[in-house]
Structures are given as C-alpha cells and as structure tokens.
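Notes follow the structure.
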Amino acid sequence: MADAFEDEADQTVTIDEYIEELEAEELEADLVLGGDEGTECTYPRGYMKRQAIFSCLTCVPDGTAGVCTACSLSCHDGHEVVELWTKRKFCCDCGNSKFGGVLCKLCPSKETENSKNSYNHNFRGSYCTCGRPYPDPDVKEQIEMIQCCICEDWFHENHLGLNSSDEIPRDEDGEPLYEDFICQQCAITCSFLKLYPAYIWAMSKQNNAPSVSNAENVVDNGSLASRYPDKNEDNVPVAEILGNSSSSGSKPESVSTKEESVCDKGTEINVSSEDTKPCNENQELSAKCIIGVDINVSSVLLEKMEPMFLSKKWRELLCKCGTCYEFYTSNGIEYLTDKEDTIEAYEKMAKSKREEKLKQQEGAELNFLNTLNHVQKIEILSGIADMKNEFRTFLESFDQSKPVTSEDIKGVFENLAKKKKQRLS
C-alpha cells in the first residue's frame, strides 16, 4: 500500500503545471490540425495545399484512402485510425467508392474517387525504409522520426543513410538547425540543389551537403557561386532572408562556370503555358535564371545517395524562371516555390486561428456577463469568491506530504454546494 501511495505521489503536479500542460497539448493539437476544429468536412475545399489527414484501416484495410479531421471524428469514431500528420494536395476520401457504399455523414455527395490524391505506405500504418509502425510495439524506446518534405514519408534517425545521427544538423540544445529534410531517394530528383551556393545547406559538426562527381555534361559543385546573386528576385538580400539561421558560413568564393546556359544566350522563356503556371496564382515567374544553367538538360551526379538538410528560408532562394519552373513541374515538385506549402506557413496559420479563437472566447464571456442583470452578476461573483475561499481553506489544512485524490476534490465541491444552499435558504 505504501508503494502505491509513493507511485501516486510521484505523479502529482501543481495546478499551474497542469494548466500549462493542457495549454501546451492544445497548442500542439492546433499546430497539427492547422486550427481545424473538426466540425466540417474539407471535401468542398478540394485539394487543399496542406491539411491533417487520417487513414481508417477499419473501413479501408489496404490503406488507399484518407479522411479529414472532421470525418475522423464524426464518421470513424472507434475505428482503427492512423494519424498521418499533414499531407499536401489532398482531398478528403471519406464516403467515396473506396468505403463500400458507406456515405460520409458530413458531406454525402462526393465523386467516386479523388484521382489526384497520392498514397504511400504511411496510410497502412508503416513508415521509413524499415516499414515499421509508429509507435513500434516491438521496441522499448521509440526512435525519433523525420519527415521528408518531398515524398512526405517518415524516417527513423538511424535509417537516414548517415554514418551517425550526430550528422543531423542540431544546435547545442538538440533543436534542428534545418527547415526541411530530403530523403536519400528524393535527393536524386533534387540533385539540382547542388547547383546552389553552400549557404542553402544546414550544417552540423560534419558537412551534410551531398558531394557530387564531375562527369560529362555535369556542373561541378559550387561552380555557380559567382552567378548566384546577393539578393533574391524580390531584391531582398540573401543574408537578410537567411538571418542567423544559416550555419554554413558566408557565400562561397567565386568559381568560373564550365558551360554557358540557355538563359545567358538570351533564349526566350515562355511562361504563359499551363505546364509552367505557378502553383501559387499570386506568384510571378522571373524572366532571368539566377543560377544560369538549364537544369532540364544539365545534370548533377551525386557520388552516393545521401539525405539533404536545407537551411531555414532556403525555398525563398530557389530560382523561379520559366526554365527552372518547367523542371519543377515535370518532376512534380513545383510546390517548393510556394511559401504556403511549408510547415512553417501551416503552423503560422494554425497559431493565427488559435489566437482568433481565444479572442472570440474572451469576447463571448464578456458578452455573456453583459446579458446578466445586477443580481445575477452578484451571484456569479459570490460563487467565484466562495470557490477561492474553499480551495484556500482546503490547501491550508491539507497535509502536503500526501497526494490530492479525487475524493478530496469531490469533498471541496460538496462543501461549496452546502454553503450555496445555506446562502439561498
């Protein structure tokens, strides 16, 4: 019995700690859900740039469907649901042909299939190259996972293709120094990033910028440093964009380029076709290539398959000329030039919604008080004062060496009820 009390005492927290923990959990949930309160199906909004998605293995065991937050709560409550965090360009599948005739409770009228949705093994509850679930029931200690910003799969830190997890760019407190991670496989598609100066890479104690090999029709590493401007297309200095987040040092020394680009020859760039239309309608394509190489015909061969860690704000430094954007589009990575695609933008939106919600709640409380007459206001204020006094009396008389139990709290409210009855009688 003594051991039981000792275990219970170890788990006790102060009221302030409990409230702080609750607020932290609420904030974390809001950041994951993007501020979505889960009351309306997102299907009418189409393929959203980013939203929280869930996979119901009870309804679709093969993991080829995803549902929004509201549907996970209203239509799949009590089911085996896999939380996938966020996915880009996804439209809620709930109730379509994959659900065997079971319609969505929130939005019954839907197309039979969302052809533009993309699914991977995460939808079956498997992650990483090892294909294990998370949390993994067969291991004692869970290994932290990192999401690739391209394929959006999650990878264990010891399965990234690094010699050691110490190569992951982190500060002294263990916080990430990188904004985005690109897995080994996706690094092949994104090898063109080696054409950019070293300051787009997030560096740790060991250099994480993948090395490249020199070959015919291959631009060697760093050869474009002299061509890359000190300012981006919006005339904002690169140093200002990166701020203090870049840990890779200053801009590399100038090195001569080995080949002349189509952009340098004055080749006209057609930016009016649908194939090169920006994913963000407010985004304009640049007429001049800032890296000076046509990445559609020039290639970069990586010496070995290695993951990539990109510095903060690196996307703002990407070239947005028609030629480069054509490459992004043909490889399905045009979203990299869209600021709203980033997790940072998603969480910023979530925080803004949270702040607005809290303001509305405060306003609702004030409006409620304004609807009360004088007697009702006095009654509420008296009740609050009684509660404060009752808790103060309880804490002053309570043995601090013992944990507070549910029976203790129940006793406090029973005393409050008795006092209210006496006051009204």
Side-chain angles (χ1 to χ4, degrees), residues 120-122 126-132 134 143-171 174-225 228 242 245-252 255 258 291 293 295-296 298-315 317-319 324 327-328 330-333 335-336 342-343:
N120 59 13
H121 66 162
N122 294 169
S126 300
Y127 306 89
C128 189
T129 55
C130 61
R132 296 297 301 167
Y134 188 88
I143 299 176
E144 188 173 341
M145 304 186 80
I146 303 176
Q147 187 181 37
C148 173
C149 69
I150 305 298
C151 66
E152 296 190 301
D153 193 3
W154 290 83
F155 298 85
H156 294 101
E157 288 187 352
N158 57 343
H159 295 161
L160 300 181
L162 302 174
N163 295 322
S164 167
S165 60
D166 291 337
E167 296 180 41
I168 300 174
R170 293 193 179 99
D171 61 21
E175 295 298 318
L177 291 169
Y178 59 92
E179 178 174 306
D180 283 319
F181 158 76
I182 299 177
C183 71
Q184 288 178 290
Q185 192 62 43
C186 293
I188 298 175
T189 301
C190 296
S191 60
F192 71 92
L193 292 174
K194 288 303 299 173
L195 302 177
Y196 286 81
Y199 46 61
I200 75 164
W201 306 102
M203 301 295 182
S204 61
K205 296 178 182 179
Q206 305 179 44
N207 193 330
N208 286 297
S211 56
V212 297
S213 60
N214 297 324
E216 186 178 355
N217 201 35
V218 174
V219 182
D220 67 336
N221 183 27
S223 63
L224 297 172
Y228 199 88
L242 295 176
S245 62
S246 176
S247 56
S248 56
S250 59
K251 183 176 178 179
V255 184
K258 287 189 174 182
I291 58 174
V293 170
I295 57 178
N296 293 281
S298 299
S299 59
V300 177
L301 299 180
L302 300 176
E303 290 182 354
K304 62 179 180 178
M305 291 177 61
E306 294 178 296
M308 296 178 172
F309 294 91
L310 287 306
S311 64
K312 306 292 177 67
K313 309 294 183 182
W314 72 278
R315 296 193 191 201
L317 304 177
L318 288 179
C319 179
C324 286
F327 176 86
Y328 306 151
S330 62
N331 285 276
I333 56 174
Y335 50 80
L336 290 179
T342 66
I343 296 297

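As the structure is a prediction and not an experimental result, all values here were calculated from the model.
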How far apart are the closest heavy atoms of [X] and [Y], and which atoms are they?
X      : Y      : value
Leu160 : Phe155 : CD2-CB, 3.5 Å
Thr129 : His159 : OG1-CB, 3.9 Å
Leu177 : Ala202 : O-CB, 3.8 Å
Met305 : Gln184 : O-NE2, 3.0 Å
Cys148 : Cys183 : SG-N, 3.4 Å
Met145 : Tyr134 : SD-CD1, 3.5 Å

Please report the C-alpha distance between Leu317 and Tyr199 in whole Å, then the side-chain angles of each, then the deciding distance to 0.1 Å, and finally whether the side-chain contact (heavy atoms from CB on, under 4.5 Å) criterion is met.
CA-CA 10 Å; Leu317 304 177; Tyr199 46 61; 4.1 Å; yes
Nearest 0.5 Å, please: how far is [atom2] in [Y] from [atom1] in [X]?
X      : Y      : atom1 : atom2 : answer
Tyr328 : Ile333 : OH    : CD1   : 7.5 Å
Lys312 : Asp180 : NZ    : CG    : 10.5 Å
Thr189 : Ile182 : OG1   : CD1   : 9.5 Å
Met308 : Cys149 : CE    : SG    : 10.0 Å
Ile168 : Asn158 : CD1   : CG    : 9.0 Å
Ile200 : Leu195 : CD1   : CG    : 9.0 Å

Let me see the working for Ile295 and Cys324 under side-chain contact (heavy atoms from CB on, under 4.5 Å), right down to the final yes or no.
CA-CA 6 Å; Ile295 57 178; Cys324 286; 4.1 Å; yes
Pick one: which of Phe181, Trp314, Trp201 meets side-chain contact (heavy atoms from CB on, under 4.5 Å) with Phe309?
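It is Phe181, the one option of Phe181, Trp314, Trp201 that forms the side-chain contact (heavy atoms from CB on, under 4.5 Å) with Phe309.
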Residues, nucleotides or ligands: over 12 heavy atoms within 6.0 Å of Glu179 CD:
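Enclosed.
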Looking at Asn120 and Asn122, would you say the former's side chain and the latter's main chain have a donor-acceptor pair under 3.5 Å?
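Looks like yes, one N/O pair under 3.5 Å.
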Donor-acceptor under 3.5 Å (Tyr196 side chain, Cys319 main chain)
yes
Indicate yes or no: at least one non-hydrogen side-chain atom of Tyr335 is less than 4.5 angstrom from one of Ile150.
yes
Pairwise side-chain contact, Cys151 with Gln185, heavy-atom cut-off 4.5 Å (strictly under):
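A side-chain contact under 4.5 Å is absent here.
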Between Tyr127 and His121, how do the two ring planes meet: parallel, tilted or perpendicular, split at 30° and 60°?
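Answer is tilted, since the angle falls between 30° and 60°.
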